[in-house]
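For reference, the structure is listed below as structure tokens.
Here, residue 1 is the first one in the sequence, and each next residue gets the next number.
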Amino acid sequence: MTELALALLIALLAGLAVLVTAVARTVWIIPQARARNVERLGRYHRTLQPGISFVVPFVDRVKPLIDLREQVVSFKAQPVITEDNVVVHIDTVLFFQVTDPRAADYEIVDYIKAIEQLTATTLRNVIGTLDLEATLTSRDRINTALRGVLDDASGKWGIRVTRVEIKAIEPPPSIKDAMEKQMRAEREKRAAILRAEGDRQSAILTAEGEKQAAILRAEGARQATILEAQGQATAIDQVFTAVHEADPDPKLLAYQYLQTLPKLAQGEGNTFWVIPSEVTSALESVTKAFTRGLEKTAAVPRPRPGSAEAGERETPPYELAPGQQWPAALEQARTRAE
């Protein structure tokens with residue numbers, strides 16, 4: 001009896017295990033943006049969509065989960081030879097998405113590795129038609145060419161390549177050093193051009209400023225000269241008008257000439273000076289005038305000293321006050337008169 005009970009317990013436990021396994025193999029819950037392929041008796045039967053699904057246990061086999069979201073994979077640097085025989089290492093980043101779980105599972109063994117190898121071969125074909133300079137400056141062109149080739153080749157695998165990016169392009173160290181020297185020389189050239197352009201603009205502006213300043217100074221000097229000339233003309237006109245209105249006689253004019261003579265010899269560098277003919281004529285007129293006056297004075301009897309008439313005049317008419325001197329012409333006239 002004990003052995004029978006033990007056998008029944010073992011059978012019950014085995015049946016329970018088979019039941020649990022059958023239920024586990026029957027009910028499948030698929031997450032969102034995922035998919036599973038189902039094989040029935042070794043052949044593709046259907047694809048399980050997100051949600052709860054049921055299959056026939058021990059008859060249907062559910063394959064591993066396939067991610068339907070967009071995926072990013074970075075490939076290691078690939079050595080590529082350019083058209084001018086320069087070896088560069090290029091890192092690429094690929095963005096792709098599984099659009100057909102059945103094709104991705106049955107058309108290719110490992111679509112990640114297949115895409116990587118296809119990217120390397122396509123990259124060599126594209127870079128082989130470009131030189132180093134074009135390779136470094138044509139990333140958009142390379143990305144577009146890679147995306148077109150990869151999308152066409154991976155379409156039958158149920159893969160859609162959405163984007164391809166060149167992450168890095170590493171030329172050899174010698175090329176990098178030459179490029180740095182070239183860029184340094186180019187920057188120095190641009191700096192020298194900018195400095196020369198700045199100096200040129202500064203010189204132009206300085207010259208323009210000096211030109212404007214010279215024009216303004218000349219204009220000011222011209223205006224000042226004009227005003228000074230106008231003032232002198234007005235003064236001369238006023239003096240001329242005043243002289244003509246006063247109607248001076250020749251004696252006054254001759255006396256004015258005599259007052260001007262000392263001013264002609266006041267300069268330190270004047271070793272000789274020329275007397276105008278008008279001054280000589282004026283002196284002759286003054287001499288004649290004073291000579292006639294002295295002759296009239298000489299005809300009058302001179303009073304004796306001590307007389308009453310002498311007391312009325314203390315100083316002779318032709319004598320000067322202390323400190324004054326007769327002009328030379330008048331002195332000669334006075335001497336002749338005495």
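Contacts of F54 classified as ring-ring contact (aromatic ring centres under 6.0 Å, His included), with partners at least two apart in sequence or in another chain: none. Annotation: salt bridge (charged side-chain N to carboxylate O under 4.0 Å, His left out) contacts of R195 (sequence neighbours excluded): none. Take E228 and apply the salt bridge (charged side-chain N to carboxylate O under 4.0 Å, His left out) test, not counting sequence neighbours, and it matches no residue. For E210, the salt bridge (charged side-chain N to carboxylate O under 4.0 Å, His left out) test picks out no residue, with sequence neighbours left out. Listed by chain and number, the residues in a side chain to side chain contact (heavy atoms under 4.5 Å, CB included) with Q49 are T47 (sequence neighbours excluded). Evaluation of the salt bridge (charged side-chain N to carboxylate O under 4.0 Å, His left out) rule for K63 yields E39, D105 as partners, not counting sequence neighbours. Residues satisfying the side chain to side chain contact (heavy atoms under 4.5 Å, CB included) test with D140, not counting sequence neighbours, are N143.
Within a 6.0 Å sphere centred on CZ of R46, heavy atoms belonging to other residues, nucleotides or ligands number more than 12. Heavy atoms from other residues, nucleotides or ligands lying under 6.0 Å from CD1 of I29 number 12 at most. Within 6.0 Å of CD in E70 there are more than 12 heavy atoms belonging to other residues, nucleotides or ligands. For I81, the CD1 atom counts as loosely surrounded, since its 6.0 Å shell holds 12 or fewer non-hydrogen atoms of other residues, nucleotides or ligands.
Under the 4.5 angstrom side-chain criterion for Ile, Leu, Val, Met, Phe, Trp and Tyr, I236 has no cluster partners at all. Y106 belongs to a hydrophobic cluster with Y44, counting contacts under 4.5 Å between side-chain heavy atoms of Ile, Leu, Val, Met, Phe, Trp and Tyr, direct or through other members. Cluster note: V149 groups with no other residue, as no ILVMFWY side-chain heavy atom lies under 4.5 Å from it. Cluster partners of V72, by chain and number: V93, F95. The rule joins Ile, Leu, Val, Met, Phe, Trp and Tyr whenever side-chain heavy atoms lie under 4.5 Å apart.
Looking at T122, its side chain never comes within 3.5 Å of a backbone N or O of T119 through a donor-acceptor pair. Distance alone, capped at 3.5 Å, places no donor-acceptor pair between the S154 side chain and the R160 backbone.
The minimum heavy-atom distance between T121 and L118, with the atom names listed, is OG1-O, 2.9 Å. The nearest pair of heavy atoms linking T162 to F96 is OG1-N, 4.0 Å. Across every non-hydrogen atom of A33 and P50, the tightest pair is N-CG, 4.0 Å. Contact record, V80 with R124: CG1-CA, 3.9 Å, taken as the closest heavy-atom pair. Scanning both residues, R139 and I166, for their nearest heavy atoms gives NH1-O, 3.4 Å. Nearest heavy atoms, A104 versus Y111: O-CD2, 3.8 Å.
The pair K113-E116 fails the salt-bridge criterion, with no side-chain N (NZ, NE, NH1 or NH2) lying under 4.0 Å from an Asp/Glu carboxylate O.
In this structure, V88 and E170 have side chains that are not in contact, with every pair of non-hydrogen atoms separated by 4.5 Å or more. Taking 4.5 Å as the limit, every side-chain heavy atom of Q78 sits out of range of all side-chain heavy atoms of I90. Side-chain contact between L41 and V59 is present, with at least one heavy-atom pair separated by less than 4.5 Å. With contacts defined as side-chain heavy-atom distances shorter than 4.5 Å, the pair I66/V98 qualifies. Residues L123 and I142 have side chains in contact (heavy-atom distance under 4.5 Å, counting atoms from C-beta outward). The shortest side-chain heavy-atom distance between R141 and L130 falls under the 4.5 Å cut-off.
Rounding to the nearest 0.5 Å places OG1 of T82 at 5.5 Å from CG of L132. Atom CZ of R222 sits about 12.0 Å away from atom CD1 of I215, to the nearest 0.5 Å. Between the CG atom of D60 and the CZ atom of R43 there is a distance of 13.0 Å, given to the nearest 0.5 Å. To the nearest 0.5 Å, the span separating CG on L94 from NZ on K167 amounts to 12.0 Å. Note: K76 NZ to H89 NE2 = 10.5 Å, rounded to the nearest 0.5 Å.
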Just do the side chain to side chain contact (heavy atoms under 4.5 Å, CB included) check on W28 and V38 with the steps written out, would you?
CA-CA 11 Å; W28 291 87; V38 177; over 6 Å; no
Working note: D131 + V86, criterion side chain to side chain contact (heavy atoms under 4.5 Å, CB included); need CA distance, chi angles, decisive distance, verdict.
CA-CA 8 Å; D131 56 7; V86 178; over 6 Å; no
Show, in sequence, the C-alpha distance, side-chain angles and deciding distance for R34 and D67, and conclude whether the side chain to side chain contact (heavy atoms under 4.5 Å, CB included) test is met.
CA-CA 5 Å; R34 308 291 196 280; D67 198 336; 4.1 Å; yes
Any chance you could lay out the side chain to side chain contact (heavy atoms under 4.5 Å, CB included) test for V73 and I115, step after step, and finish with the verdict?
CA-CA 10 Å; V73 57; I115 292 175; 5.5 Å; no
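The same ILVMFWY cluster, assembled from side-chain heavy atoms under 4.5 Å apart, contains both I159 and I112.
Just one residue in the list D152, L146, L150 forms a side-chain contact (heavy atoms from CB on, under 4.5 Å) with V161, and that residue is L150.
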Quiz: residues 175-194 side-chain donor-acceptor pairs under 3.5 angstrom, not counting sequence neighbours:
none

